[in-house]
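Working notes, structure below.
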Amino acid sequence: MNQPKYPPGPKPLPLVGNLLQLPLFKPWLRFTDWKHCYGDVVHVHAFGYHIVIVNSISAADDIFNKQSRVFSDRPRLSVIDFIGADFAIPFMPYGDIWRKHRSMLQQKFRASELPIFRAMEMDKVHQMVLRFMKRPDEFSTHVRNYAGGIMMSIAYGYQITEAEDSILTKAEAVAHLFTDSLLKGTIMDAFPAIYRLFEWLPGTGHKAHGIKAHGMIAEALDLPFKFVQDEMSKGIAKPSFTSEQLEQIADSEANEAIKTHRFIKDVAGNIYLGEFVMNAYLLSFIQLMVLHPDIQRKAQAEIDATIGTNRLPEFNDRPSLPYVEALYREIFRYRPVTPLGIPHAAIEESFYNNFFIPKGRCTVVISNIWAMSRDSEIYNDPDKFMPERFLTEDGNLNNDDLPLSYGFGRRICVGRLLAEDVCWLAIVSTLATCDITTKKDEHGEPIKVKDSLPDSQLRYVIDLPCVIWTHAYKFVISTPESFQSTITARSVQKQNLLELVTAHH
Ligand code: HEM
């Protein structure tokens, strides 16, 4: 039988395939180099695993959007069951369970629902900018409390406290758990025999790790759920996704209610996960403003000229602020929060330009959003941070509003419309009220800020057959390395205005 014709890619070696060519650092960079050697769709393989890297917007459209049903699965990742993270929609295999969970979230975050959240988002953004002014060194905590506070409010009607918040801390521990477990856990998929050895070898702590992880995730999902139940029993619950769902099932039979409780808890947990991505975007925004004061001043000038200096920005101002909109888009392009998206898998064999793409959860199909965002045929001088690229000559927005960062096809991000509101509101409100500048050290010298995403090294070369899948998760959210900056109020008048509006809450 003829060997199927896979998409082109680097020449494999005997036995190990492409194992040794897979990058250990910033994989999207080597994948982008491969695009220049082999084309828009590149194939590599090792130990029966296929990795297909989709490097251009048009190929992503042909594969993920035009064949959306076929590419709506996720690659196999046993670690998800191992740590008890099967509640997470981004990792669920295609099928009825995924469909049911996803559709519930989709209803919550459709365009017509967004206005319901806006007053609460305004309160949270005013608190955040006032905190920037009062405790600028803690800006990353304020950003986290803004994004996390919004998600906790939507999911549970829960108001996080500024100090160490026990519910928030548990939810964050779960996110770290994902990263810690993935490298070890993917061995299960790649080398089941080694995994079994791990299980039996004394001292690896493998089983104990799994049991502990299950407990942590169950607790992180249970705690806020119980909080809502308590508040409802006292009649003081704030409206939220969880309280609405619990009200709807108030008259169900006990058995039925218990099953539905699990479902509600799981879906609510997914709402919170959105915090990490928005957090990464907003930290990139602050860093890029430190690095590009000219762009910051231009955006501020547009805001001042359009809404004046006597009031704070509102959602209705969005269409009148094209430069801020262009800046919002350019941050996503220049610093894709999800440089490799979340990998897809195919439920049927398929073809791209006559090249064969195998079906099954052992084929990892990656959207290289980084390469798409750096495509010089679409984005002139792509390594330059330049919001103007989204504007026409007369200063209006061009029609390039393709949100690459939110992914593709049937697995496209469920929270994208909400995220658009939350991220835009944060950048416009910060620019209207604050100046973001370089911090000086004790000798008055500016503290350098690096314009790059962090490097990270793989710990287990043994994971390599699954490395891209692992890697993609490790880098699924690309947050800037910690950096310093100074944030100050643009005027006393702005600070007073913020004190006034926040005093009512
Ligand atoms: C800056 C903000 C965000 C970015 C850049 C982002 C990005 C992404 C990406 C790239 C995917 C995978 C798409 C694909 O498979 O092709 C995804 C999936 C997902 N996102 Fe987001 N996201 C953001 C915010 C949010 C928020 C706020 C929520 C929660 C309400 C959310 C919930 C989800 C869920 C549940 C999925 C899984 C969809 C599925 O597998 O069917 N995201 N997101």
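As the structure lists them, so they are numbered: ligands from 1, and atoms in each ligand from 1. Fair warning: this is a prediction, and the values are worked out from it, not measured in the lab. Quick note: residue numbers are just sequence positions, from 1.
- Considering backbone and side-chain atoms together, Trp98 places an N or O closer than 3.5 Å to an N or O of ligand 1.
- Ring-plane geometry between His344 and Phe64 is classed as tilted, the angle between the planes lying from 30 to 60 degrees on a 0 to 90 degree scale.
- In terms of heavy atoms, Ala59 sits closest to Ser56 at N-OG, 3.1 Å.
- Ring geometry, His45 versus His43: the interplanar angle falls under 30°, so the pair is classed parallel (tilted spans 30 to 60°).
- When only modelled atom types and interatomic distance are considered, Arg410 and Ser72 share no side-chain donor-acceptor pair under 3.5 Å.
- Remark: minimum distance from atom 32 (C) of ligand 1 to any protein heavy atom is reached at Gly415 N, 3.9 Å.
- Each of the atoms 27 (C), 29 (C), 30 (C) of ligand 1 lies under 4.0 Å from some heavy atom of Met151.
- What sits closest to atom 9 (C) of ligand 1 on the protein, heavy atoms only, is Tyr406 O, 3.8 Å.
- Judged by distance alone, the side chain of Arg416 and the main-chain N or O of Cys413 form a donor-acceptor pair under 3.5 Å.
- Looking at Phe64 against ligand 1, nothing comes within 4.0 Å, counting heavy atoms.
- Closest approach of Val228 to Ala237, counting heavy atoms only: O-CB, 4.4 Å.
- Using 4.0 Å as the threshold, Tyr272 has no heavy atom nearer than that to any atom of ligand 1.
- The nearest protein atom to atom 30 (C) of ligand 1, hydrogens excluded, is given as Phe109 CE1, 3.3 Å; this is a heavy-atom distance.
- Relative ring orientation between His292 and Tyr334 is described as perpendicular, the plane-to-plane angle rising above 60° on a 0-90° scale split at 30° and 60°.
- Nearest non-hydrogen protein atom to atom 4 (C) of ligand 1 is Val277 CG1, 3.3 Å.
- Within the set Gln106, Arg411, His344, the minimum heavy-atom distance to atom 16 (O) of ligand 1 is found for His344.
- Here is the list of ligand 1 atoms found below 4.0 Å of a heavy atom in Ile342: 11 (C), 12 (C), 15 (O).
- Remark: among candidates Ala280, Ala419, Cys423, Gly274, the nearest residue to atom 2 (C) of ligand 1 is Ala419, based on non-hydrogen atoms.
- Taking the six-membered ring for Trp, Phe31 and Trp28 have ring centres at least 6.0 Å apart.
- The shortest heavy-atom contact between Val365 and Ile357 is CG2-CG2, 4.5 Å.
- Counting all heavy atoms, side chain and backbone alike, Asp62 lies closest to Lys66 at OD1-NZ, 3.2 Å.
- Scanning all protein heavy atoms for the shortest distance to atom 34 (C) of ligand 1 gives Val414 CG2, 4.0 Å.
- Looking from atom 10 (C) of ligand 1 to the surrounding protein, the closest heavy atom is Ser405 O, 3.2 Å.
- Looking at Arg74 against ligand 1, only its side chain comes within 4.0 Å, counting heavy atoms.
- No option in Glu302, Glu388, Lys298 other than Glu388 meets the side chain to side chain donor-acceptor pair (under 3.5 Å) test with Tyr323.
- Between Phe408 and ligand 1, at least one N/O pair is under 3.5 Å apart.
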Go through Arg30 and Asp33 one step at a time and tell me if the salt bridge (Lys or Arg N to Asp or Glu O under 4.0 Å) criterion holds.
CA-CA 5 Å; Arg30 183 159 318 157; Asp33 292 343; 5.9 Å; no
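- Close approach of ligand 1 to Phe332 (heavy-atom distance below 4.0 Å) involves ligand atoms 1 (C).
- When Cys413, Ser103, Ser72, Pro90 are ranked by how near their heavy atoms come to atom 21 (Fe) of ligand 1, first place goes to Cys413.
- Between Arg416 and ligand 1, no N or O atom pair is found at a separation short of 3.5 Å.
- Below 4.0 Å from some heavy atom of Leu105 lie the following atoms of ligand 1, by number and element: 35 (C).
- The shortest N or O to N or O distance between Arg102 and ligand 1 is under 3.5 Å.
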